[in-house]
Amino acid sequence: MGLSKLNSLYREVILDHADHPRHKHDLTTSTNTITLKNPTCGDVINLSIQLDDQEQIQDIGFSGDGCTISQSSASMMTDAVMGKDKETALRMAKTFSDMVMGTKHPQADLDELGDAAILSSIMSFPARIKCATLAWWALQRALLNEETPTDEEEA
């Protein structure tokens, strides 16, 4: 695929998730919640997860405000982990974080990320890495029941 077609696909996927976010809603009940902020650019992600007795993600929702990258990444993340068990979702969060920092992973691991795998090129824009990873960090912290950080500890 040519570079201009790849750039076009990249933009289409990001804009589709930004314009039509998946799972952007508040949950009426949840087992795990967290709010993370990116003080660098003002992105905020409020993440709620409903785990069942087998620690499988039954429902997931996010709210908040932020740039197109952070909101698209949150939409992609919720789509990718819906129905997954806690350990798989944690592994996916690590794979995503590693991927945007340039660490190589087997294609099967990247395929599991779904649309989020397209954000691998974000490493070319270091200022946007926090935007892309905010929702994935929220997922990890929520699943591990870590507290919402104070302003000094924000993502």
Side-chain angles (χ1 to χ4, degrees), residues 6 9-10 13-14 16-18 21-25 27 30-155:
L6 186 60
L9 175 64
Y10 173 82
V13 171
I14 289 174
D16 179 53
H17 278 274
R22 282 59 154 185
H23 309 284
K24 189 167 186 176
H25 61 271
L27 300 184
S30 61
T31 54
N32 306 65
T33 61
I34 196 161
T35 297
L36 283 187
K37 300 174 187 172
N38 178 355
T40 309
C41 63
D43 297 334
V44 177
I45 296 290
N46 305 301
L47 184 67
S48 299
I49 304 168
Q50 180 65 44
L51 295 174
D52 67 14
D53 293 340
Q54 285 78 44
E55 294 196 317
Q56 186 170 6
I57 298 173
Q58 288 297 120
D59 201 1
I60 188 167
F62 76 97
S63 61
D65 294 304
C67 68
T68 301
I69 298 293
S70 75
Q71 296 297 292
S72 295
S73 185
S75 174
M76 293 175 197
M77 180 272 296
T78 58
D79 240 8
V81 301
M82 183 67 175
K84 302 283 194 287
D85 63 74
K86 177 180 173 179
E87 292 307 313
T88 300
L90 286 168
R91 187 184 74 247
M92 291 169 68
K94 176 151 180 33
T95 298
F96 183 85
S97 294
D98 288 351
M99 175 193 73
V100 298
M101 296 302 292
T103 302
K104 301 288 183 196
H105 280 272
Q107 189 60 46
D109 290 353
L110 300 178
D111 289 346
E112 190 172 38
L113 297 176
D115 285 349
I118 204 161
L119 291 172
S120 64
S121 62
I122 207 78
M123 68 184 158
S124 300
F125 307 97
R128 304 312 299 235
I129 291 173
K130 279 190 175 183
C131 303
T133 55
L134 184 64
W136 294 86
W137 289 335
L139 173 69
Q140 183 177 20
R141 291 182 85 150
L143 288 174
L144 295 174
N145 287 314
E146 295 180 2
E147 293 182 22
T148 297
T150 64
D151 287 342
E152 296 82 39
E153 302 174 311
E154 293 181 20

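Side chains are part of it too, since the values below use all heavy atoms of this structure and drop only hydrogens, waters and symmetry mates.
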For C67, does its backbone N or O pair with a side-chain atom of D43 as donor and acceptor, under 3.5 Å?
yes
What are the two closest non-hydrogen atoms of L143 and K86, and how far apart are they?
O-CE, 3.0 Å
Rounding to 0.5 Å, atoms CD1 (I69) and OG1 (T133) come to a distance of 11.5 Å
Is a side-chain donor or acceptor of T78 paired with a backbone partner of S75 at a separation under 3.5 angstrom?
yes
Identify, with sequence neighbours excluded, every residue that meets side-chain hydrogen bond (donor to acceptor under 3.5 Å, both in side chains) alongside D98.
K94, H105
Mind checking whether I129 and M101 have side chains closer than 4.5 Å, heavy atoms only?
yes
Within the structure provided, determine whether S48 and T33 are in side-chain contact (heavy-atom separation under 4.5 Å).
yes
May I ask you to test the L36-N38 pair for a side-chain heavy-atom distance under 4.5 Å?
no
Rounded to the nearest 0.5 Å, what's the gap from CG on N32 to CG on N145? Could you check?
5.0 Å
Would a distance-only check, ignoring hydrogens and angles, find a side-chain to backbone donor-acceptor pair under 3.5 Å from Q56 to G83?
yes
Run V44 and K37 through side-chain contact (heavy atoms from CB on, under 4.5 Å) and show every step you take.
CA-CA 4 Å; V44 177; K37 300 174 187 172; 3.9 Å; yes
To the nearest 0.5 Å, what is the distance between CD on E87 and CD on E55?
7.0 Å
Identify the two heavy atoms, one from D52 and one from Q58, that lie closest to each other, and give their separation to 0.1 Å.
OD2-OE1, 2.9 Å
Over all atoms of both residues, closest heavy-atom pair of T68 and A18
CG2-CB, 3.6 Å
So do I49 and L139 actually touch side chain to side chain, heavy atoms under 4.5 Å?
yes
Member of L134, L119, I45, I60 meeting the side chain to side chain contact (heavy atoms under 4.5 Å, CB included) criterion with M77
I60
Check: A132 main-chain N/O paired with S73 side-chain donor or acceptor under 3.5 Å
yes
From K130 NZ over to S70 OG, what is the distance, rounded to the nearest 0.5 angstrom?
13.5 Å
Looking at every non-hydrogen atom in both residues, tell me the closest pair between C41 and C131 and how far apart they are.
SG-SG, 3.6 Å
Can you sort out the partners of T31 under side-chain hydrogen bond (donor to acceptor under 3.5 Å, both in side chains), two or more places apart, ordered by chain and number?
none
P21 vs F62 side-chain heavy atoms within contact, under 4.5 Å
yes
Note: D16-R22 ion pair, threshold 4.0 Å (strictly below)
yes
K84 and E112, any side-chain heavy atoms less than 4.5 Å apart:
yes
Are side-chain heavy atoms of L47 and R141 found at a separation under 4.5 Å?
no
Rounded at 0.5 Å granularity, tell me how far CE in M99 sits from CG in L113.
5.5 Å
CD1 of I122 to CZ of F96: how many Å apart, nearest 0.5 Å?
8.0 Å
